[in-house]
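Data block below; observations after.
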Amino acid sequence: MDVDDLNLFVRIAQLHSISAAARDLGLTPAGASAKLAALERKLSARLLHRTTRQATLTEDGLAFLPHAEHVVFAAEAARAALGREQAAPRGTLRVAAPASFARMHIVPGLPEFCGKYPDLALDLRISDSIVDLVEGAFDVAVRYTELSDSSFVARRLAPDNRVLVASREYLEQRGRPSTPDDLVEHTCLVVGTLDLWTFRGKDAEVIERRVTPSLRINDGTAVRDAASGGLGIALMATWCASEELQSGTLVPVLPEYPLISTQTLWALYPSSRELAPKVRVFIDWLIHRFGHQPYWDRGLERILSNYR
């Protein structure tokens, strides 16, 4: 039984489409249909219900899928065991990543990555919605979150540090808060649902304050731009606001009460799968790109200390 035929079947099952799987694997839809039909003849079983719009698994297909996946993932692992040269990354790598982070910190580096792996096609889906890796047939996802799901293998990419910021113009007009309690007198800008701001006090105590936002936007870069325009005080990830802090467009607020973040930036892939070469090289590239201390955090401690 040909592993490539099994891989085609697995990809069709993941994407629910013969034509989509064919594009993913560099085949024509007609060629993919012919290979699938040949596999079904070898097995003497119908694996898929086909319509013009989608392909769904039959009862036999559902029973056969986990075994086909096991063979495909084992074959990928076997190729990977031969070394990087023999297991050169190829095919299509499907990646899910947060929209703003991907635009700012992944896409600018893609010329380097794609130039290094010319046989690898990248399908990058950027969205701030949490996607289902298995249902969406993604190979890897980049997420900043608290890690709790043991069904995924995670590689730590970078800390997700936070800072309170405002423009100089806003602080000149409204004054600078001295403690978290003073925020009630200020205009606060919120990203999505992040209206509970948690600080570390001067005696290491945890201080929680839920703010009432004057402006709430479900996009971090939009909130950053609103703060840069003088609309109020915002809680920002340093990866989003570092350039504005470096240039002085935004300045730290309450730096003596550092924000507490339990989140980390992770690369996730399903634990049921072996680490394919294409996934391994992408994760390794991200880790190398961001470094032990992410490039966006370099120099921020000096800026924060100037305002303490």
Side-chain angles (χ1 to χ4, degrees), residues 3-4 6-15 20-27 65-99 101-102 105-127 129-145 147-158 160 264-292 294:
V3 173
D4 289 340
L6 296 180
N7 189 37
L8 171 63
F9 166 65
V10 168
R11 214 55 172 163
I12 294 171
Q14 292 170 334
L15 299 175
R23 287 194 302 270
D24 194 35
L25 298 174
L27 303 170
L65 179 60
H67 302 287
E69 288 178 328
H70 178 76
V71 172
V72 170
F73 298 148
E76 290 180 346
R79 285 193 291 266
L82 296 175
R84 291 176 181 264
E85 294 302 321
Q86 294 90 335
R90 62 184 67 253
T92 299
L93 175 67
R94 288 174 52 82
V95 178
F101 183 85
H105 299 292
I106 296 179
V107 173
L110 290 183
E112 174 200 3
F113 178 78
C114 295
K116 192 173 181 179
Y117 302 105
D119 294 330
L120 186 59
L122 189 62
D123 184 350
L124 177 61
R125 304 299 174 92
I126 60 174
S127 172
S129 300
I130 299 297
V131 299
D132 187 315
L133 269 70
V134 177
E135 181 67 23
F138 290 103
D139 297 299
V140 62
V142 176
R143 289 182 183 167
Y144 39 88
T145 183
L147 189 62
S148 58
D149 193 338
S150 61
S151 64
F152 297 105
V153 176
R155 290 283 301 276
R156 183 183 182 278
L157 298 178
D160 187 26
T264 298
L265 192 70
W266 300 94
L268 306 179
Y269 65 94
S271 60
S272 60
R273 303 180 187 178
E274 298 288 346
L275 186 59
K278 61 184 179 180
V279 177
R280 170 176 48 77
V281 297
F282 183 71
I283 294 175
D284 288 348
W285 173 75
L286 289 176
I287 292 172
H288 176 74
R289 176 170 170 76
F290 301 149
H292 178 69

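This is a predicted model, so every value here is computed, not measured. As a basis for the values below, the full set of heavy atoms in this structure was taken, side chains included, without hydrogen atoms, waters or symmetry mates.
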### Query
If you look at every heavy atom in Leu8 and Ala21, which pair is closest and at what distance?
CD1-CB, 4.3 Å
### Task
Working to the nearest 0.5 Å, report the span between CG of Asn7 and CD of Glu69.
10.5 Å
### Message
For Ala99, give me all partners under side-chain contact (heavy atoms from CB on, under 4.5 Å), at least two apart in sequence or on another chain.
### Response
Arg103, Ile126, Asp128
#### Entry: Flag side-chain contact, heavy atom, 4.5 Å: Val95 against Val140
yes
### Summary
Applying salt bridge (Lys or Arg N to Asp or Glu O under 4.0 Å) to Arg94 and not counting sequence neighbours gives Asp123
### Task
Starting from the C-alpha separation in whole Å, work towards a yes-or-no answer on side chain to side chain contact (heavy atoms under 4.5 Å, CB included) for Trp266 and Val142.
CA-CA 6 Å; Trp266 300 94; Val142 176; over 6 Å; no
### Nearest-0.5 Å distance, CD of residue Glu112 to CZ of residue Arg289
7.0 Å
#### Entry: Shortest non-hydrogen separation from Pro108 to Ala102 and the atoms involved
CD-O, 4.1 Å
### Task
Tell me, please, which residues at least two apart from Arg156 pass salt bridge (Lys or Arg N to Asp or Glu O under 4.0 Å).
none
### Task
Output, in order, the C-alpha distance, side-chain angles, deciding distance and verdict of side chain to side chain contact (heavy atoms under 4.5 Å, CB included) for Leu157 and Tyr144.
CA-CA 9 Å; Leu157 298 178; Tyr144 39 88; over 6 Å; no
### Query
So Ile283 and Tyr269, side chain to side chain contact (heavy atoms under 4.5 Å, CB included) or not? Walk me through it.
CA-CA 10 Å; Ile283 294 175; Tyr269 65 94; 4.1 Å; yes
## Note on the structure
Between the CG atom in Leu268 and the CG atom in Asp139, the distance rounded to the nearest 0.5 Å is 13.0 Å
### Query
Sub-3.5 Å donor-acceptor pair from the side chain of Arg90 to the main-chain atoms of Pro118, do we have one?
no
### Query
For Thr92, what residues pass the side chain to side chain donor-acceptor pair (under 3.5 Å) criterion, not counting sequence neighbours?
Asp24
### Task
Please examine the side chains of Leu93 and Leu124, heavy atoms only from C-beta on, and report whether any two atoms are closer than 4.5 Å.
no
### Query
So do Phe101 and Ile106 actually touch side chain to side chain, heavy atoms under 4.5 Å?
yes
### Message
With heavy-atom distances below 4.5 Å as the criterion, would you say the side chains of Cys114 and Leu120 are in contact?
### Response
no
### Query
Does the pair Lys116/Asp284 count as a salt bridge with the N-to-O cut at 4.0 Å?
no
### Query
Who pairs with Phe282 by ring-ring contact (aromatic ring centres under 6.0 Å, His included), at least two apart in sequence or on another chain?
Phe113, Trp285
## Note on the structure
Hits for side-chain contact (heavy atoms from CB on, under 4.5 Å) against Ala96, two or more places apart or cross-chain, chain-then-number order -> Val131, Phe138, Ala141
### Task
Could you grab the distance from atom CD1 of Ile287 to atom CZ of Arg155, nearest 0.5 Å is fine?
3.5 Å
### Task
Determine, stepwise, if the pair Tyr117 / Lys278 fulfils side chain to side chain contact (heavy atoms under 4.5 Å, CB included).
CA-CA 9 Å; Tyr117 302 105; Lys278 61 184 179 180; over 6 Å; no
